[in-house]
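To start, the structure itself, in structure tokens.
What you see is a predicted model, and the numbers here were worked out from it, not measured in a lab. We count ligands from 1, going down the list as the structure has it; atoms in each ligand are counted the same way.
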Amino acid sequence: MTTTHDSGTYRPPAPGRPDIRQRTLRTDRWWLPPLANALGLATFVVYATIRSLWGSAYYVAEYHYLSPFYSPCVSASCIPEASHLGQWFGEMPWFLPYALVSLPFLLGFRLTCYYYRKAYYRAFWASPPACAVAEPHAKYTGETRLPLILQNAHRYFFYVAFAISILNTYDMVLAFQSTDPATGQTSFGLGLGTLILLINVIGLWLYTLSCHSCRHVTGGRLKHFSKHPVRYKIWTSISKLNTRHMLFAWLTIGTLILTDFYVMLVASGTISDLRIVN
Ligand code: FES
């Protein structure tokens with residue numbers, strides 16, 4: 001027996017599966033979450049691409065605010081004060097981001113993230129678009145072939161992302177200073193920008209630590225939790241965070257855009273930073 005689906009595909013029903021001719025029997029608005037995901041992810045990708053290549057308004061020297069899209073800034077194109085780790089390369093051509101050493105790993109970390117996979121497989125590949133909605137593809141090979149087999153590299157991206165989160169934390173700590181442009185003296189300072197950077201770093205840690213690979217690193221492959229009480233304790237805490245990984249994934253998309261946007265506004269002189277101390 002063969003089945004013609006309402007999507008126009010012609011497909012024999014799998015053995016033992018009911019012969020349902022409609023693509024789905026769902027009557028709710030199942031298309032709404034994938035549509036919202038597609039819009040949210042596309043907005044982030046477009047914004048991050050434009051800003052990463054923008055090449056200006058990413059650093060506020062007076063308050064030591066560095067946009068996360070430019071950290072670490074290690075080329076000769078960077079403002080010297082923004083190069084916390086020194087300048088390792090010459091000038092960057094316009095089509096390469098200043099944060100060339102970190103962005104590919106951060107992109108890889110998010111692209112291979114278990115939650116984002118679910119979101120973009122549904123939103124962009126319709127594979128499947130939602131629960132109980134047949135996908136339009138005739139064949140399903142899962143993540144067993146190139147390029148999707150590369151999703152297995154997620155744990156390695158996690159290690160690098162962990163190191164980059166430490167770097168973002170360092171950038172945030174530096175933002176608790178202000179430098180007097182007249183005297184060049186630096187002292188403790190706190191502004192709205194500092195708080196925004198702080199919130200962003202907290203969000204990035206929540207997202208990174210709630211990663212499924214982090215959960216595995218802390219408690220995976222243990223045969224007896226009772227023999228590893230410290231790792232068990234950490235694993236339990238990570239597991240609690242892990243249940244909110246989707247929330248942190250979206251939260252950090254928002255905080256990354258907000259942080260960069262605020263730094264851009266202050267760095268370009270469009271607004272002044274709201275200072276709380278100094
Ligand atoms: Fe999402 Fe690792 S970052 S699962």
Side-chain angles (χ1 to χ4, degrees), residues 33-34 36-49 52 68-69 71-72 97 99 101-125 127-131 142-172 197-222 231-260:
N37 285 343
L39 289 175
L41 294 174
T43 303
F44 180 70
V45 169
V46 170
Y47 180 88
T49 305
S52 300
F69 293 144
S71 179
V101 294
S102 60
L103 289 184
F105 294 102
L106 291 178
L107 187 67
F109 186 48
R110 298 231 170 204
L111 263 181
T112 59
C113 164
Y114 287 65
Y115 166 66
Y116 283 119
R117 280 190 232 175
K118 171 190 162 189
Y120 69 79
Y121 284 170
R122 291 184 176 197
F124 296 111
W125 280 354
S127 180
C131 287
E143 294 172 337
T144 58
R145 298 181 186 180
L146 277 173
L148 293 185
I149 198 167
L150 296 176
Q151 304 281 27
N152 290 301
H154 183 64
R155 76 191 72 172
Y156 303 108
F157 286 118
F158 163 74
Y159 299 138
V160 183
F162 189 91
I164 295 172
S165 291
I166 295 174
L167 182 62
N168 291 139
T169 307
Y170 177 68
D171 293 339
M172 179 272 294
L197 269 114
L198 175 64
I199 290 168
N200 181 50
V201 164
I202 292 173
L204 290 178
W205 275 117
L206 288 172
Y207 174 67
T208 307
L209 293 176
S210 63
C211 167
H212 292 67
S213 292
C214 180
R215 186 167 175 265
H216 181 72
V217 166
T218 54
R221 296 203 198 173
L222 291 182
R231 285 185 68 183
Y232 176 63
K233 184 94 185 125
I234 298 172
W235 178 82
T236 309
S237 305
I238 298 287
S239 297
K240 282 184 193 149
L241 281 182
N242 181 257
T243 60
R244 298 198 155 71
H245 191 57
M246 179 180 82
L247 171 70
F248 301 142
W250 284 108
L251 180 83
T252 47
I253 277 190
T255 60
L256 281 167
I257 290 180
L258 173 70
T259 308
D260 175 78

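Y121 and W125 have parallel rings, their planes meeting at less than 30° on a 0 to 90° scale where 60° marks the start of perpendicular.
The six-membered or imidazole ring of Y116 lies away from that of F44, with a centre-to-centre distance of 6.0 Å or more. Ring centroid separation for the pair Y115 and H245 does not come in under the 6.0 Å cut-off.
Looking at Y47 and D260, their side chains come closer than 4.5 Å, going by heavy atoms from C-beta outward. Under the 4.5 Å side-chain criterion, counting only non-hydrogen atoms from C-beta, P97 is not in contact with F69.
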Compile the donor-acceptor pairs under 3.5 Å between side chains in residues 161-172 and protein atoms, sequence neighbours left out, one pair per line.
| residue | atom | partner | partner atom | Å |
| --- | --- | --- | --- | --- |
| S165 | OG | A161 | O | 3.1 |
| S165 | OG | T208 | OG1 | 3.3 |
| T169 | OG1 | S165 | O | 2.7 |
| T169 | OG1 | W205 | NE1 | 2.8 |
| D171 | OD1 | H84 | ND1 | 3.1 |
| D171 | OD2 | S71 | OG | 2.4 |

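Protein atoms of type N/O/S that fall under 2.8 Å from atom 1 (Fe) of ligand 1 number 2 in this view.
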